[in-house]
Chemist: 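Below you'll find the structure I mean.
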Amino acid sequence: MSKNDLQAPRGTRDFYPEELRQREWLFGCFREIGRRYGFEEVDAPVLEHEELFTRKAGEEIVGQLYHFELHGRRLALRPEMTPSIARMVRARAGSLRLPLRWMSLPQCWRYERMTRGRRREHYQWNMDIWGEASVTAEAELISAVFDLLDRVDVPRDDVKVRLSSRALLEETLRGTVLRDRPERFAALCVVIDKLDKIGGGGVADLLTATSGAVGLEASDAKFVVEWLGHRNLADAVRQAPSGSAAAEELSRLFDLLEAYGHGDRVVFDASVVRGLAYYTGVVFEVFDTARELRAICGGGRYDGLLETLGGPRIPAAGFGFGDAVIAELLSDRGLLPDGARSLDAVVFPFGDEQRAAAVAVAGALRARGQSVDLVLGRPKLKRVLADADRANAACVYLIGPDELTRGEVLIRDLATGEQRTETLPD
RNA sequence: GUGGGCGUAGCUCAGUUGGUUAGAGCGCCAGGUUGUGGUCCUGGAAGUCGGGGGUUCAAAUCCCCUCGUCCACCCCA
């Protein structure tokens with residue numbers, strides 16, 4: 001085994017106790033908000049059949065799969081949770097009572113180059129609502145994101161949501177640009193998601209490429225790119241067919257978010273389309289206002305996904321909120337807890353003669369739910385106290401020959417230094 | 001993928017006109033007498049100077065290759 005093999009693979013992390021405590025703190029916040037919103041937690045295997053993730057719209061995510069073949073089966077590590085959740089919903093579609101709210105904290109894998117806040121492995125707070133077609137679902141989801149941000153003390157103005165609607169774009173294009181090829185809409189979205197990266201010209205090139213999946217006329221591509229420039233909902237709506245349902249929904253969503261008290265934290269941005277093919281309606285991204293980091297969270301509505309998996313059509317919306325970018329943001333602001341250890345008690349028998357009594361004391365404390373370190377071996381008292389201090393133990397239970405003789409245990413409070421005695425348990 | 005920075009003890013790093021046994025702080029271990037921590041003092045262990053090759057009497061120091069890491073770009077959630 002070479003030295004290289006002794007390191008964690010590139011882009012992956014080891015979690016030592018301090019780091020795992022920080023991670024669990026964040027996960028605890030995710031779970032707390034999920035609980036407040038009435039979400040049930042679910043889980044699924046990190047390994048799935050590759051076909052679950054391979055869609056045909058040229059999504060980058062498909063090219064970044066960790067995949068392999070074993071005994072003739074093509075398997076892949078999940079790059080995102082939504083397909084697995086959809087699979088679970090499909091399997092019980094006949095008996096699930098809708099709408100349902102499910103959350104999960106999956107580890108996801110993507111083989112890609114690393115930058116700040118992006119690794120090959122990360123955890124995601126995934127929240128989905130199944131069986132609700134109206135934007136009341138999106139409003140609830142987006143509100144949960146804001147509550148999470150508040151819960152971890154991110155300053156209110158530091159993070160905002162940009163949102164748009166693929167449905168609005170689709171309605172706008174259906175009668176014109178995509179009149180003869182409505183089925184190319186998903187592929188078109190995957191292309192225009194690259195706007196930030198390759199610019200309007202690049203997007204237009206891809207949209208018109210004869211070898212591409214969309215194949216628009218130059219004037220149509222120009223129209224699409226210009227549409228993406230809208231930052232005002234009214235302007236975008238003006239170009240939609242009259243009576244556009246998507247426009248009405250979008251405006252209702254803004255009203256709802258106002259009612260939730262988050263109106264000032266949401267902006268319309270037509271350039272938000274997301275890179276995944278399955279989104280059909282509202283799409284949104286959470287980003288730091290200073291634009292120093294990558295998107296913190298992204299999500300939207302995917303009413304057709306279950307159908308593509310051979311299930312019934314059940315409307316759904318959800319988001320994935322990564323652990324990496326938010327950790328960077330919190331770390332920059334000194335908002336990550338230090339991950340210090342803590343113990344309720346350390347129990348120390350001076351010698352083997354006192355061990356049985358110490359076991360009884362530790363057992364009684366543990367039965368009451370306390371976190372107890374029963375000292376092993378025969379270290380010196382000085383060492384025991386120093387260790388207890390470093391572990392942030394609240395107190396130390398000392399049982400020496402004198403205490404045992406009197407049937408007592410000496411309890412030292414490490415914060416105050418005060419000592420008292422208690423009778424040993426039977 | 002391209003360019004650049006970095007890679008010296010567990011951690012953070014110092015160490016250039018190449019020159020005797022490679023350093024500091026923190027951490028770790030052991031002491032400061034017999035049963036009392038956080039401070040302090042003393043001592044100690046610990047480094048193939050990322051790896052390989054080359055130049056040289058002599059390389060942590062110069063050159064080449066390679067791996068790792070970080071940043072930017074490229075690319076992309």
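Just so you know, these numbers come straight off a predicted model, no measurement behind them. Throughout, protein chains are lettered first and strands after them, A, B, ... in sequence-line order, and every chain is numbered starting at 1.
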Chemist: Could you work out the separation of B:G19 and B:U61 based on their C1' atoms and round it to a whole Å?
Modeler: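 Pairwise C1' distance, B:G19 against B:U61, rounds to 11 Å.
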Chemist: So if I define the base as every atom that isn't primed, P, OP1 or OP2, how would nucleotides 28-38 of chain B read as a B/S/- string at a heavy-atom cutoff under 4.0 Å?
Modeler: SSSS---BBBB
Chemist: Write down the partner of B:G7 under the Watson-Crick or G-U wobble criteria, each distance required to be under 3.5 Å.
Modeler: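 Across any shown strand, B:G7 pairs with B:C67.
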Chemist: Going by the salt bridge (charged side-chain N to carboxylate O under 4.0 Å, His left out) test, which pairs reach into residues 328-341 of chain A, not counting sequence neighbours?
Modeler: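 Passing the test, one end in residues 328-341 of chain A: A:Arg116-A:Glu328, A:Arg116-A:Asp332, A:Asp158-A:Arg333.
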Chemist: Any N/O pairs under 3.5 Å between the protein and nucleotides 5-7 of chain B? List them or say none.
Modeler:
none

Chemist: Report the distance from atom CZ of A:Arg13 to atom C1' of B:G68, rounded to the nearest whole Å.
Modeler: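 Distance, rounded to whole Å: 19 Å.
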Chemist: By the salt bridge (charged side-chain N to carboxylate O under 4.0 Å, His left out) test, which pairs, at least two apart or in different chains, include something from residues 277-288 of chain A?
Modeler: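 Output for this query lists A:Arg162-A:Glu285, A:Arg274-A:Glu285.
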Chemist: Tell which nucleotide pairs with B:A72, taking only Watson-Crick or G-U wobble pairs whose two distances are both under 3.5 angstrom.
Modeler: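 Paired with B:U2.
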Chemist: Is the shortest distance from a Lys or Arg side-chain nitrogen in A:Arg74 or A:Glu51 to a carboxylate oxygen in the other one below 4.0 Å?
Modeler: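 Looking at A:Arg74 and A:Glu51, the cut-off is not met.
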Chemist: Please report the distance separating the C1' of B:G27 from the corresponding atom of B:G3, rounded so that it comes out in whole Å.
Modeler: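 These two C1' atoms come out 37 Å apart once rounded.
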Chemist: Please state the P separation for the pair B:C6 and B:G15 - nearest whole angstrom.
Modeler: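 It works out to 12 Å between them.
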Chemist: Show your reasoning for whether side-chain contact (heavy atoms from CB on, under 4.5 Å) applies to A:Tyr302 and A:Thr308.
Modeler: CA-CA 11 Å; A:Tyr302 45 95; A:Thr308 69; over 6 Å; no
Chemist: Salt bridge (charged side-chain N to carboxylate O under 4.0 Å, His left out): which pairs involve residues 350-367 of chain A, sequence neighbours left out?
Modeler: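 Residue pairs with at least one partner in residues 350-367 of chain A: there are none.
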Chemist: Is there any protein nitrogen or oxygen under 3.5 Å from a nitrogen or oxygen in nucleotides 44-46 of chain B, and what are the pairs?
Modeler:
none

Chemist: I need the CZ-P distance between A:Arg294 and B:C75, as an integer number of Å.
Modeler: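 That distance rounds to 13 Å.
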Chemist: Taking atom C1' in both B:C28 and B:A45, what distance in whole Å separates the two?
Modeler: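 Nearest-Å result for B:C28 against B:A45 at atom C1': 9 Å.
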Chemist: Return the pairing partner of B:A24 with a 3.5 Å limit on both distances, Watson-Crick or G-U wobble; otherwise return none.
Modeler: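 Looking at the geometry, B:A24 pairs with B:U12.
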Chemist: What's the gap between B:U8 and B:G47 when it is taken at their P atoms, as a whole Å value?
Modeler: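 Here B:U8 and B:G47 have their P atoms 15 Å from each other.
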Chemist: What N/O pairs connect the protein and nucleotides 71-74 of chain B at under 3.5 Å? Give each pair on its own line.
Modeler:
{"unit_1": "B:C74", "atom_1": "O2", "unit_2": "A:Arg113", "atom_2": "NH1", "d": "3.0"}

Chemist: Would you say the side-chain atoms of A:Arg294 pair up with the backbone N or O of A:Arg291, donor to acceptor, closer than 3.5 Å?
Modeler: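 No: the side chain of A:Arg294 does not pair with the backbone of A:Arg291.
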Chemist: With A:Glu140, which residues qualify under salt bridge (charged side-chain N to carboxylate O under 4.0 Å, His left out), at least two apart?
Modeler: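 Result, salt bridge (charged side-chain N to carboxylate O under 4.0 Å, His left out) vs A:Glu140: A:Arg101.
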Chemist: Of all heavy-atom pairs between A:Ala139 and A:Tyr260, which one has the smallest distance, and what is that distance?
Modeler: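 For A:Ala139 versus A:Tyr260, the nearest heavy atoms are CB-CE1, 3.5 Å.
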Chemist: Measure from the side-chain N and O atoms of A:Gln370 to the backbone N and O of A:Val372, and report whether any donor-acceptor pair falls under 3.5 Å.
Modeler: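 No; judged by distance alone, with no hydrogens or angles, the pair does not exist.
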Chemist: Between residues 320-331 of chain A and RNA chain B, which residues have a heavy-atom gap below 4.0 Å?
Modeler: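 Residues of residues 320-331 of chain A under 4.0 Å from RNA chain B: none.
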Chemist: For B:G52 and B:G44, measure between their C1' atoms and round to the nearest Å.
Modeler: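 The same atom, C1', in both gives a distance of 35 Å.
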Chemist: Please measure how far the C1' atom in B:A58 lies from the corresponding atom in B:U16, and state the result in whole Å.
Modeler: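 To the nearest whole Å, 16 Å.
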Chemist: Is it the case that A:Arg23 places NZ or CZ above or below the six-membered ring of A:Phe15, under 6.0 angstrom from the centre and within 45 degrees of the axis?
Modeler: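 Cation-pi check for A:Arg23 and A:Phe15: passes.
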Chemist: Under a 3.5 Å limit for both distances, which nucleotide forms a Watson-Crick or G-U wobble pair with B:U42, could you say?
Modeler: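 Here B:U42 is engaged in a pair, and the nucleotide opposite it is B:A30.
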Chemist: Between N or O atoms, less than 3.5 Å apart, protein on one side and nucleotides 9-13 of chain B on the other: list the pairs.
Modeler:
none

Chemist: Using atom C1' of each nucleotide, how far apart are B:C49 and B:C71 to the nearest Å?
Modeler: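 Comparing C1' positions in B:C49 and B:C71 gives a spacing of 25 Å.
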Chemist: According to the salt bridge (charged side-chain N to carboxylate O under 4.0 Å, His left out) rule, which pairs have a member within residues 404-415 of chain A, sequence neighbours left out?
Modeler: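 Sorted pair list: A:Arg406-A:Glu408.
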Chemist: Strictly distance-based, threshold 3.5 Å: is any side-chain N or O of A:Thr289 a donor or acceptor partner for the main-chain N or O of A:Asp157?
Modeler: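 Answer holds: yes.
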Chemist: Please report the shortest heavy-atom distance between A:Gly369 and A:Asp344, naming the atom on each side.
Modeler: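 The answer is O-OD2, 4.4 Å.
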Chemist: Just jot down the salt bridge (charged side-chain N to carboxylate O under 4.0 Å, His left out) partners of A:Arg31, sequence neighbours excluded, or say none.
Modeler: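 Partners of A:Arg31 under the salt bridge (charged side-chain N to carboxylate O under 4.0 Å, His left out) test: A:Glu41.
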